[in-house]
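Report on one structure; see the data block that follows.
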Amino acid sequence: HCVGIIGAPFSKGQQRDGVQRGADLIRAAGLVQKLKGQGCVVKDYGNLIFEDIPNDEPIGRLKTPRAVGRANELLAGAVLKIKSDGNTCVMLGGDHSLAIGSISGHAASRHELSVLWVDAHADINTPLTTPTGNIHGQPLSYLIHELHSKIPIIPHFSWLKPCVAAKDIVYIGLRDVDPEEHYILKHLGIKMFSMTEVDRLGIAKVMEQTCDHMFSKVKKPIHLSFDIDALDPSVSPATGTPAAGGLTYREGIYITEHICQTGLLSAVDMVEVNPKQGKTEDEIKSTVNAAVDLILSCFGRVREGSHEPDYQIP
Ligand SMILES: N/C(=N\O)NCCC[NH3+]
Ligand SMILES: [Mn+2]
Ligand SMILES: [Mn+2]
Ligand SMILES: [Mn+2]
């Protein structure tokens with residue numbers, strides 16, 4: 001596996017300080033060394049630098065829209081570069097509004113994508129349905145062709161074109177969905193495995209059916225957008241919008257092990273780790289370590305272990 005890492009220390013898709021520190025915490029936990037240790041070729045492209053945008057007044061309900069638009073324009077360019085260098089891209093957030101740039105940049109390089117959105121939340125409010133104006137609850141609405149007519153013109157978003165078809169999106173982990181989002185999911189017929197389906201089917205069947213859906217027509221590169229709050233708060237408490245009844249550590253690892261073995265993983269987002277939302281150091285560690293382990297499983301780590309092909313017992 002050739003892996004390109006980009007840090008996006010960005011928090012203005014939501015209101016809680018601290019999420020901008022996620023990228024460097026994940027690095028400090030040894031991500032690069034651990035990926036190299038399991039045989040990956042790793043290039044760390046560093047952190048994006050997001051210039052402050054003064055007077056970023058709300059537009060309608062949208063909060064800090066110019067900062068979010070500009071940050072994602074930068075991120076899209078960085079992801080395109082990482083992809084054109086031949087890597088699988090790992091974007092370390094930062095809040096989930098960054099998926100706008102990550103998926104846009106990925107689509108600019110690989111065109112048609114399957115998007116696997118692992119999250120407690122649907123993140124598909126439009127600028128007109130959002131209850132809070134926080135853009136980290138809206139990223140998919142900007143990216144989906146079928147919702148294009150529902151997105152007004154927004155300063156610093158003129159670079160953005162929709163790039164994903166509703167049929168190419170699969171959700172796993174939903175358990176906190178707004179009514180307007182639920183209508184959109186049903187109206188567009190988007191494939192979803194809420195926590196109800198995870199409980200009913202078990203994660204193995206969920207992944208089997210996820211892949212059946214994604215590969216039903218043409219096999220496309222996979223963009224995995226993983227919001228750490230998909231995991232149960234007992235595993236990943238240090239995040240901005242925890243929701244009870246989430247994925248176990250084991251279910252999260254099963255998802256990433258399974259996606260790895262498809263051989264189609266092309267980009268990963270790991271977002272919403274917020275150290276300031278952890279009550280203790282241990283809570284922060286548990287959250288960061290889960291994020292690291294999920295990424296390692298995206299790139300070949302398996303729980304049964306592994307050995308060098310030419311190993312022989314001495
Ligand atoms: N973590 C969040 N999205 O994944 N929060 C925003 C959406 C809350 N409805
Ligand atoms: Mn999210
Ligand atoms: Mn979430
Ligand atoms: Mn248009």
Side-chain angles (χ1 to χ4, degrees), residues 1 3 38 88-90 99 103 106-107 110-124 140 143-144 164-177 181-182 184-232 234-236 243 245-271 290-291 293-306:
H1 299 280
V3 181
Q38 59 185 57
T88 300
C89 185
V90 175
I103 292 173
H106 189 191
R110 302 298 296 276
H111 305 300
E112 282 204 318
L113 302 173
S114 292
V115 175
L116 179 53
W117 199 275
V118 184
D119 200 326
H121 312 97
D123 293 354
I124 200 167
L140 275 167
L143 296 165
I144 297 174
V164 180
K167 68 172 174 52
D168 293 329
I169 298 167
V170 180
Y171 283 98
I172 299 175
L174 295 180
R175 55 190 186 276
D176 181 6
V177 178
E181 292 181 303
H182 186 261
I184 290 170
L185 294 178
K186 291 300 173 193
H187 182 67
L188 296 183
I190 293 176
K191 188 74 179 169
M192 74 160 98
F193 296 94
S194 75
M195 289 309 298
T196 306
E197 282 75 48
V198 172
D199 288 338
R200 178 185 302 127
L201 299 173
I203 197 66
K205 266 270 178 300
V206 165
M207 291 316 294
E208 188 184 320
Q209 294 184 16
T210 293
C211 289
D212 288 347
H213 181 86
M214 289 194 297
F215 307 154
S216 54
K217 302 242 176 355
V218 181
K219 282 196 173 188
K220 297 180 282 295
I222 296 172
H223 187 111
L224 172 62
S225 202
F226 205 113
D227 186 325
I228 201 67
D229 71 32
L231 300 182
D232 190 82
S234 63
V235 181
S236 60
L247 296 168
T248 65
Y249 172 91
R250 289 164 43 190
E251 287 168 333
I253 295 294
Y254 189 90
I255 292 170
T256 48
E257 283 178 344
H258 194 94
I259 291 299
C260 178
Q261 59 81 42
T262 67
L264 291 165
L265 183 62
S266 182
V268 188
D269 307 326
M270 181 54 69
V271 296
D293 291 354
L294 288 163
I295 296 169
L296 296 180
S297 299
C298 285
F299 296 102
R301 196 181 80 156
V302 285
R303 283 167 282 178
E304 74 169 51
S306 58

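Values below: every heavy atom of this structure, side chains too, minus hydrogens, waters and symmetry copies.
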Do any N or O atoms from the side chain of [X] and from the backbone of [Y] form a donor-acceptor pair under 3.5 angstrom?
X: Y249; Y: V235; value: no
X: D176; Y: A120; value: no
X: D232; Y: G246; value: yes
X: E112; Y: K220; value: no

Which atom pair, heavy atoms only, marks the closest approach of [X] to [Y]?
X: L247; Y: I255; value: CD1-CD1, 3.8 Å
X: M214; Y: I222; value: CE-CD1, 3.7 Å
X: V198; Y: F193; value: CG2-O, 4.2 Å
X: G300; Y: Q38; value: N-NE2, 3.9 Å
X: L113; Y: R110; value: CD2-CB, 3.9 Å
X: L294; Y: L231; value: CD1-CD1, 4.0 Å

Is there a side-chain contact between [X] and [Y], using heavy atoms and a 4.5 Å cut-off?
X: I169; Y: L188; answer: no
X: V115; Y: D168; answer: no
X: I203; Y: T248; answer: no
X: L140; Y: I184; answer: no
X: Y171; Y: I124; answer: yes
X: H1; Y: C260; answer: yes

Exercise for the section: With sequence neighbours excluded, give me every ring-ring contact (aromatic ring centres under 6.0 Å, His included) pair touching residues 208-231. Expected result: H106-H223

When rounded to the nearest 0.5 angstrom, what is the spacing between [atom1] in [X] and [atom2] in [Y]?
X: L224; Y: I172; atom1: CG; atom2: CD1; value: 8.5 Å
X: L265; Y: L116; atom1: CG; atom2: CG; value: 9.5 Å
X: T210; Y: H258; atom1: OG1; atom2: NE2; value: 8.0 Å

Exercise for the section: Let me see the working for L174 and L185 under side-chain contact (heavy atoms from CB on, under 4.5 Å), right down to the final yes or no. Expected result: CA-CA 11 Å; L174 295 180; L185 294 178; 4.0 Å; yes

Problem - From CA spacing to verdict: side-chain contact (heavy atoms from CB on, under 4.5 Å), E251, M207 - result: CA-CA 10 Å; E251 287 168 333; M207 291 316 294; over 6 Å; no

Problem - Option passing salt bridge (Lys or Arg N to Asp or Glu O under 4.0 Å) with E257 (candidates R250, R301, R303) - result: R303

